[in-house]
There are 2 protein chains.
Amino acid sequence: MPPMDTALARERALDAAEELFYARGIQAVGMDELRGASGLSLKRLYQLFPTKEQLVVAYLVRRDERWRGRLAAHVARQRDPRERIPAVFDWLQEWFGETGFRGCAWLNAYGELGATSTLVAEQVRAHKEAFRGYLASLVDAAGLPAVLTGPLFLLAEGAMVTAGVTGGARPAAEAREAARALVAAAGADGISRWSPTP
Amino acid sequence: MPPMDTALARERALDAAEELFYARGIQAVGMDELRGASGLSLKRLYQLFPTKEQLVVAYLVRRDERWRGRLAAHVARQRDPRERIPAVFDWLQEWFGETGFRGCAWLNAYGELGATSTLVAEQVRAHKEAFRGYLASLVDAAGLPAVLTGPLFLLAEGAMVTAGVTGGARPAAEAREAARALVAAAGADGISRWSPTP
DNA sequence: AGCGATGGAGAACGAGCGTTCTCCATTCGG
DNA sequence: CCGAATGGAGAACGCTCGTTCTCCATCGCT
């Protein structure tokens with residue numbers, strides 16, 4: 001096989017990593033299999049990513065950018081800021097229904113490596129923090145009280161983890177209806193009903 | 001070391017397994033370390049549990065019984081059926097605050113082994129199903145609409161997974177307040193607002 | 001007392017895997 | 001053209017770990 005541009009080789013490596021790591025788990029995929037799937041030699045792989053851990057982190061980083069990008073693109077199609085919050089759960093539902101869906105890649109990675117690799121654990125926390133921040137921006141833009149962010153985030157996380165374990169898209173619908181109810185309760189007058197615990 | 005009653009040996013093995021598996025992850029703990037921590041010989045361990053996988057399943061089963069027992073005992077202290085639902089989240093908050101809390105043992109096990117071991121995956125699903133069924137019984141006893149069960153379950157799952165990743169007890173409080181709001185909305189009149197999607 | 005079974009301590013085996021090394025073909029600058 | 005560097009293919013290394021095996025002490029039973 002002829003040599004290959006470095007950027008393209010990186011892309012190939014990350015494509016193979018994403019496909020295999022997500023589908024079968026990180027520990028279940030060896031560097032040798034990654035070599036075969038990427039078409040790169042082990043030498044090349046190791047000069048791009050000196051350790052498997054760094055390849056895992058790079059996989060999570062790239063997937064994070066794409067995942068949040070897809071979510072934001074879907075949500076932005078709603079003009080009404082109030083409708084953007086349920087749209088998050090609509091997108092989750094679509095995602096859960098995709099063939100090959102195997103739960104949240106970051107929670108899976110955390111379960112496998114969070115106790116072993118601080119780099120991976122940090123990456124997972126960063127991703128979840130970014131997602132939470134995005135929800136907070138939607139809540140704010142809709143003129144809703146900021147205390148809604150936490151519950152909405154928990155509903156989304158619960159839906160992701162449940163869909164991952166049971167393998168259906170139903171949790172997204174349940175979460176969306178619950179989110180609607182919370183938004184309605186908070187948007188009507190309910191802020192006082194809700195006081196955040198000090 | 002003198003021989004030991006079989007039931008006691010089983011207990012010792014499961015004690016060691018639970019402590020080490022939960023604290024450090026299943027794959028990170030080898031049978032050799034389990035031997036040291038349990039005080040049993042490798043031979044004995046293997047005649048009690050012919051494979052590591054079976055030991056993992058037994059660990060999850062015993063923990064499931066204890067975990068749901070502790071939860072139910074805490075919740076049962078509330079006389080008012082309506083108060084029993086928030087009490088679930090109170091108990092979660094206590095649990096999250098315990099020293100050594102490392103997230104939900106079943107979700108952790110699923111992340112590590114769900115893709116590899118169908119026995120473990122089944123055990124995790126059984127545990128989650130049992131927990132969901134328990135919530136359903138609380139919802140029913142409180143005279144609330146059954147559609148509340150799903151959202152409450154998702155809030156609890158989201159709280160567990162978030163507390164596991166970020167390591168604080170705050171998600172439990174957020175989930176409890178959200179649960180209160182959902183119960184209030186459903187209990188007042190809001191059932192129609194909510195209609196489950198067909 | 002003698003014997004067969006149980007079990008303890010730990011060595012040994014075999015597989016998997018992350019990482020490195022060897023060997024060789026190709027390429028590119030002078 | 002030539003020599004140094006790049007990179008491909010894959011063997012090799014070293015370690016971990018699940019599982020099994022060896023050797024020997026102990027104990028119950030007749």
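Just so we're clear, the structure is a prediction, and the values are computed from it rather than from any experiment. In the text below, chain A, chain B and the rest are named by the order of the sequence lines, each starting its count at 1.
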Backbone of B/Q78 reached by a side-chain donor or acceptor of B/E83 within 3.5 Å: no
By side chain to side chain contact (heavy atoms under 4.5 Å, CB included) - contacts of B/R35 (at least two apart): B/D32, B/L42, B/L45
Non-hydrogen side-chain atoms of B/E177 and B/F89 separated by less than 4.5 Å: no
Rounded distance in Å - CG (A/L45) to P (D/dA9): 12 Å
From D/dG10, D/dT20, D/dG8, nucleotide with atom closest to B/L42 side chain: D/dT20
Touch class at under 4.0 angstrom, heavy-atom based, for A/K43 against every strand present: base
Interatomic distance where CZ belongs to B/R10 and P belongs to C/dG7 [whole Å]: 15 Å
d(OH, A/Y46; P, D/dG7) in whole Å: 17 Å
For atom CZ of A/R35 and atom C1' of D/dG8, their distance in whole Å: 10 Å
Nucleic acid contacts - residues 14-30 of chain A versus DNA chain C, non-hydrogen atoms under 4.0 Å: A/V29, A/G30
Set of side chain to side chain contact (heavy atoms under 4.5 Å, CB included) partners for B/A169, sequence neighbours left out: B/Q93, B/F96
Between P of D/dT6 and CZ of A/R44, the distance in whole Å: 11 Å
